[in-house]
Amino acid sequence: MKQPGYGAEIIRRIDAMPYEALMKTEVIAAQLVEQFEMPVDKAKSVVNVKLKRMADAGEIKRVQKGVYCKVKQTVFGPVIPDLDKLMVKELTWEGEARIGYKSGDALLNQMGLTTQIPRSTEITTNRYNTCLPEVCRIVLKKPKAEVTDENWKYLQFLDAFTNMPHAFIDIEHPSQRLHAVIETQELDKPTLIYTARRCCQPQLVLRLIDLLMEA
């Protein structure tokens, strides 16, 4: 059976992607290398040329160097996915593994500790050195420890707990809300203390112990 040309295969792979997904030239190039057994440099060149032509034609949108997203045609004209949402997913997941989480004031709002809605979203991620598109309202933060499936909920809770004294907290009983989060997230208290001892200042560890000892 005759294999399709490179351009047709690139289009086929792009069509198979969800609307809310980022297209990376290096990923598509690696797929061509595997399928056609072609040199890496040639695959990158083919993909770069093809995606640029598609972007120039308005079929896809260039987000930044080597990264594109889909374009959907509507009655109001062409639209693209929410880039912030796309980047948050890119920064917090690698396949099905956790590599980051929401933090800062956005997390405090999500946890119900404040009604204040921040203008930007802080993401703590293993990919904290990522170059973001200029239009993104995302702030990157280096994690206290490498984020994994096992520890991300504990690190996220500790980030919120650390940030609380410096944030606008406008609920009457924040400690009760924190206990509710611990219950909802099914956080193991000894593991939470152990993680805090490894990653946080001693004063915060003592504050955390006081919180956990509250009835």
Side-chain angles (χ1 to χ4, degrees), residues 18-22 24 27 63-64 67 69 81-171 174-209 211-212:
Y19 171 65
E20 293 189 342
L22 291 176
K24 297 183 178 181
V27 173
V63 175
Q64 61 186 54
V67 182
C69 68
D82 186 319
L83 291 182
D84 280 2
K85 288 184 178 180
L86 291 184
M87 291 308 303
V88 166
K89 183 177 180 181
E90 182 77 9
L91 295 164
T92 55
W93 292 92
E94 185 171 1
E96 298 183 358
R98 271 279 186 175
I99 59 168
Y101 53 83
K102 186 179 294 185
S103 54
D105 291 339
L107 172 61
L108 296 178
N109 177 269
Q110 178 180 292
M111 292 172 63
L113 289 162
T114 179
T115 57
Q116 190 172 21
I117 301 176
R119 293 182 179 179
S120 59
T121 300
E122 181 180 282
I123 301 294
T124 297
T125 173
N126 297 340
R127 294 175 174 162
Y128 59 90
N129 283 325
T130 297
C131 180
L132 297 174
E134 292 183 1
V135 296
C136 280
R137 294 169 296 177
I138 296 175
V139 177
L140 299 183
K141 179 182 174 183
K142 182 179 180 179
K144 295 181 177 69
E146 183 178 3
V147 181
T148 66
D149 286 332
E150 291 74 27
N151 69 11
W152 76 269
K153 290 183 180 180
Y154 294 92
L155 293 175
Q156 185 180 57
F157 182 90
L158 292 173
D159 269 6
F161 193 62
T162 302
N163 194 35
M164 282 181 63
H166 316 289
F168 178 73
I169 306 298
D170 57 355
I171 63 171
S175 61
Q176 292 181 8
R177 185 69 203 130
L178 290 174
H179 280 285
V181 171
I182 292 172
E183 286 290 325
T184 302
Q185 295 286 333
E186 298 181 346
L187 300 179
D188 177 68
K189 294 179 181 179
T191 301
L192 186 57
I193 295 173
Y194 174 74
T195 305
R197 289 183 61 188
R198 291 180 59 236
C199 301
C200 303
Q201 296 294 325
Q203 300 94 318
L204 185 131
V205 178
L206 294 176
R207 281 179 45 219
L208 177 64
I209 292 173
L211 171 72
L212 298 179

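Listed for the His179 side chain is no donor-acceptor partner under 3.5 Å among the backbone atoms of Pro174. When atom types are taken as modelled, the side chain of Thr124 and the backbone of Ser103 share no donor-acceptor pair closer than 3.5 angstrom. Asn126 places a side-chain N or O within donor-acceptor distance of the main-chain N or O of Val147, the cut-off being under 3.5 Å. The backbone N or O of Thr148 sits less than 3.5 Å from a side-chain atom of Asn151, completing a donor-acceptor pair. With hydrogens and angles ignored, the 3.5 Å screen pairs no side-chain donor or acceptor of Asp84 with any backbone N or O of Ile138. In this structure, the side chain of Arg207 engages the main chain of Phe161 through a donor-acceptor pair within 3.5 Å. Listed for the Asn109 side chain is a donor-acceptor partner under 3.5 Å among the backbone atoms of Gln116. In this structure a side-chain-to-backbone donor-acceptor pair under 3.5 Å is missing from Tyr128 to Ile123. The closest donor-acceptor contact from the side chain of Arg177 to the backbone of Met111 lies under 3.5 Å. A side-chain donor-acceptor contact under 3.5 Å links Gln156 to the backbone of Lys102.
A distance of 6.0 Å separates CD1 in Ile182 from CG in Leu187, rounded to the nearest 0.5 Å. One finds the CD atom of Gln110 at 12.5 Å from the CD1 atom of Ile117 (value rounded to the nearest 0.5 Å). Between atom CG of residue Asp105 and atom OG1 of residue Thr121 there is a gap of 10.5 Å, rounded to the nearest 0.5 Å. Once rounded to the nearest 0.5 Å, the distance linking CG of Leu192 with CG of Leu158 reads 5.0 Å.
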- Item | Trace of the side chain to side chain contact (heavy atoms under 4.5 Å, CB included) decision for Thr92 with Trp152 | CA-CA 10 Å; Thr92 55; Trp152 76 269; over 6 Å; no
task = Any chance you could lay out the side chain to side chain donor-acceptor pair (under 3.5 Å) test for Asp159 and Tyr101, step after step, and finish with the verdict?
result = CA-CA 10 Å; Asp159 269 6; Tyr101 53 83; 2.9 Å; yes
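Ser120 and Val139 make their closest contact through OG-CG2, 3.7 Å (heavy atoms, listed as atom of the first residue, atom of the second, distance). Of all the heavy atoms in Leu140 and Thr130, the pair that sits closest is CD1-O, 3.4 Å.
For residues 145-154, the set of pairs meeting the salt bridge (charged side-chain N to carboxylate O under 4.0 Å, His left out) definition, not counting sequence neighbours, is empty.
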